[in-house]
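Comments concern the structure below.
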Amino acid sequence: MSHSNHQRSAAPHVALLPGSGMGHLTPFLRFAVSLTSRNIRVTIITPHSTVSLAESQTLSHFFSSFPSITQKQLRLLPVNEASVTLEDPFYAQYEAIRRSSHLLPPLLSSLSPPLSALVTDMSLASTVIPVTQALGLPNYILFTSSAKMLTLFVSFHSMVDSQATNDSDEIQIPGMRPIPKSWVPPSLLSDTYNLLKTQIVENGKKMIESDGILINTFQSIEHESLEALNDGKVVNGLPRVTAIGPFHPCDFERSRPLAWLDDQPEGSVVYVSFGSRTAMSREQIRELGDGLVRSGCRFLWLVKEKKVDWEDAAELGEVVGEEFIESVKGKGLVVKDWLNQEEIMAHQAVGGFLSHCGWNSLSEAMWHGVPVLAWPQHGDQKMNAYVVERIGLGMWAKDWDWGEGEMVVEGDEIGKRVGELMGNELHKVQAMRIREEARKAVGDGGSSMKGLIELIETWEK
Ligand code: UDP
Ligand code: UDP
C-alpha cells in the first residue's frame, strides 16, 4: 500500500466469510474494497467449490484486480443427505459451509498479522459464532438484505411456533407495523422444517451473541427499522446494527459496454432481470415477452430458466421463441447470459427496472436513481419490495404471486404495469432523490461513512 501510517506499525487485519450466491458474494467483495481503501488488510475466505460459474469467475477476476487482498480457500466437507442435496443448491451450500465451520480455527489462527475480527455472512452465524468465541475473536455479521428483512430474521425464532402458524392473515413482527403474512418467505410459513427455516431460526437466535451487525442499507431509506432494531424494540440485547450501505459498485466489475444501449434514447429502456439465481417457467417467460412487447417500451431483458447458471443450457431461441427475437429487433434486446447489471443501471438509456427485488439489485437501482417495478419471486424479496413502496422508489405489483407460486401473470397485465412504470414522473423524481441520499450516506460525513469509520476505530483498538 502506498500511503504509510505513522501511528501504527500494522493496519488492522480483518477476514471476511461470505455465504453462497452472487447476492451474498457481491456485497462482501464491495465491502472488502472499501476496507482496503481505508488501509485495512483483508483476507477473504472462499468456500471451495462455488455453486455457480458467476461466483468462480467473479472471484478469479476480483483477486487478480486486487492483489493486496488475500484469498484463503475453505475446502467444504461433502454433504450427502437427500434432505440437503434436494433443496435449493444455494441453501444447500450454506449448509455445507455451516457443517464445515469447525475447519475454520486452524485457518483463522494461521493468518498473519493476527486478525482483529471476522465478518461473517448472516446465513452462517450460528455455526461460526461458537468458533470465533472459542478463539476470542470478535465476530461481526454482515447482513446482505434490507433492515426490514433483518427485523424478521432476528425475531422469527421467537414467533415461529405462534404467530407464524396461527390462522391470521397478518403477522406482527416486533418493532414493525403488522404486515400481511403473505410477505414472509413462504418456506418460513411451512408446517415442516426446511433448510431455510431451520437456518433462519438458528442464525437469527445466535446473532444476539455477535459483536455487531453490519447492514448494506442507509439511514434515510430505513431509519425507522434501524431505530427499532437499535432501540431494543425488535430483540432485547441485540448487538448494535450499523448501516454502512449502499456499497459502492467497484471498477473491477466493469465489463464490455452494451453497444445496443448506446443507440437508445435517454431513459427509454426498461431493464428486466430477476437476479442471479431465480428460475422462471417457460410459460411465464413467454407471457413476460408478450408483456414487454405490449408495453410499447424499449427493453433489455435478461432471461434465466434455471437457478444455477451452468445448468441453464437451452438456446435463447428455444426459450423465448425464434420469431419473438426477430419480431422485437430494434426495440428490444433479449440476452441469456451474464451481463454486468451495475453497468446497465448506470447507462443513461435505462429509465426503469422490472426487478425481483434482490437487495443488491435494489441497492444498484437506488445508487443510479432508476425507478423499480417490483415483482418479488421468493425469499426476502417481498420484504424488500415493501421498502421500494414505502420510499417511493417505484411500484409493487402486489397482486402478482411469488414466482414459485402456481399463478402465471399474463402478458396483458405485465404490459400495462411496465407502461405505468415508464410513464411515471413522480417515481423518476423520487428515484433521483434517493440516488442523492445514497451517495450522501457513503460520502464524507454521511451516516454510513460515520458508521464505517466507527467500526474501523473499534478494530484499531
Ligand atoms: N447480476 C449481474 N448480472 C446478471 C445477474 C445478476 O450483474 O446477469 C448481479 C446484480 O447486479 C446483483 C447480483 O448479481 O449485484 C444479484 O444479487 P441480488 O441481491 O439482486 O439478487 P439474487 O441474485 O441474490 O437473487
Ligand atoms: N421509512 C423508513 N423505512 C421504511 C419506510 C419509510 O425508515 O421502510 C422512513 C421514510 O424515509 C420516511 C418515514 O419513514 O422518512 C415515513 O415514511 P412514510 O412516508 O412511508 O410514512 P408513513 O406515513 O407511512 O408512516
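For ligands, and for the atoms within them, numbers begin at 1 and follow the listed sequence. None of the values given here were measured: they were computed from a predicted structure.
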Problem set entry | Numbering as shown, the atoms of ligand 1 that approach Arg277 to under 4.0 Å (heavy-atom distance) | 22 (P), 23 (O), 25 (O)
Exercise. Which ligand 1 atoms, with their elements, are less than 4.0 angstrom from a heavy-atom of Glu364?
Worked result: 10 (C), 11 (O), 12 (C), 15 (O)
Exercise. Would you call Glu342 and Arg30 a salt bridge, using N to O less than 4.0 angstrom?
Worked result: no
Problem set entry | Whether over 12 other heavy atoms sit under 6.0 Å from Arg417 CZ | yes
For this session: Quick one: look up the protein heavy atom nearest atom 20 (O) of ligand 1 and list residue, atom name and how far away it is.
Result: Ser361 OG, 2.5 Å
Exercise. To which protein heavy atom is atom 5 (C) of ligand 1 closest, and what is the distance rounded to 0.1 Å?
Worked result: Trp338 CZ3, 3.4 Å
Exercise. Is there a nitrogen or oxygen of His356 sitting under 3.5 Å from a nitrogen or oxygen of ligand 1?
Worked result: yes
Exercise. Counting each atom of ligand 1 from 1 as listed, which ones have a heavy atom of Trp359 under 4.0 Å away?
Worked result: 19 (O)
Exercise. Which part of Leu302 is near ligand 1, with near meaning a heavy atom under 4.0 Å away: side chain, backbone, both or neither?
Worked result: side chain
Exercise. Would one find an N or O of Thr278, backbone or side chain, under 3.5 Å from an N or O of ligand 1?
Worked result: no
Exercise. Under the criterion ring-ring contact (aromatic ring centres under 6.0 Å, His included), which of Trp359, Tyr94, Tyr91 is the partner of His24?
Worked result: Tyr94
Exercise. Looking at ligand 1, does any of its N/O atoms fall within less than 3.5 Å of an N/O of Asn360?
Worked result: yes
Problem set entry | Atom of Val442, atom of His248 and distance for their closest heavy-atom approach | CG2-NE2, 3.9 Å
Problem set entry | Listed partners of Trp375 passing ring pair (Phe, Tyr, Trp, His ring centres under 6.0 Å), at least two apart | Phe274, Trp400
Exercise. So, are Glu389 and Lys148 salt-bridged, with charged N and O less than 4.0 Å apart?
Worked result: no
Exercise. So which protein heavy atom does atom 24 (O) of ligand 1 come closest to, and at what separation?
Worked result: Gly23 CA, 3.3 Å
For this session: Using a strict 4.0 Å cut-off to heavy atoms of Gly275, name the atoms of ligand 1 that fall inside it.
Result: 5 (C), 23 (O)
Exercise. Taking NZ, NE, NH1 and NH2 as the nitrogens, is one of them in Glu326 or Lys329 under 4.0 Å from a carboxylate oxygen of the other?
Worked result: yes
Exercise. Can you find an N or O of Gln341 that's nearer than 3.5 Å to an N or O of ligand 1?
Worked result: yes
Problem set entry | Contact (N/O only, under 3.5 Å) between Arg30 and ligand 1 | no
Exercise. Going by an N to O cut-off under 4.0 Å, is there a salt bridge joining Arg99 and Glu95?
Worked result: yes
Problem set entry | Contacts of Arg282 that satisfy side-chain hydrogen bond (donor to acceptor under 3.5 Å, both in side chains) - sequence neighbours left out | Glu305
Exercise. Can you check whether Ser276 has an N/O within less than 3.5 Å of an N/O in ligand 1?
Worked result: yes
For this session: May I ask whether His24 has any heavy atom positioned less than 4.0 angstrom from an atom of ligand 1?
Result: no
For this session: Flag Leu339 as yes when one of its N or O atoms lies below 3.5 Å from any N or O atom of ligand 1, and as no otherwise.
Result: yes
Exercise. Is the distance between the ring centroids of Tyr271 and His347 under 6.0 Å?
Worked result: no
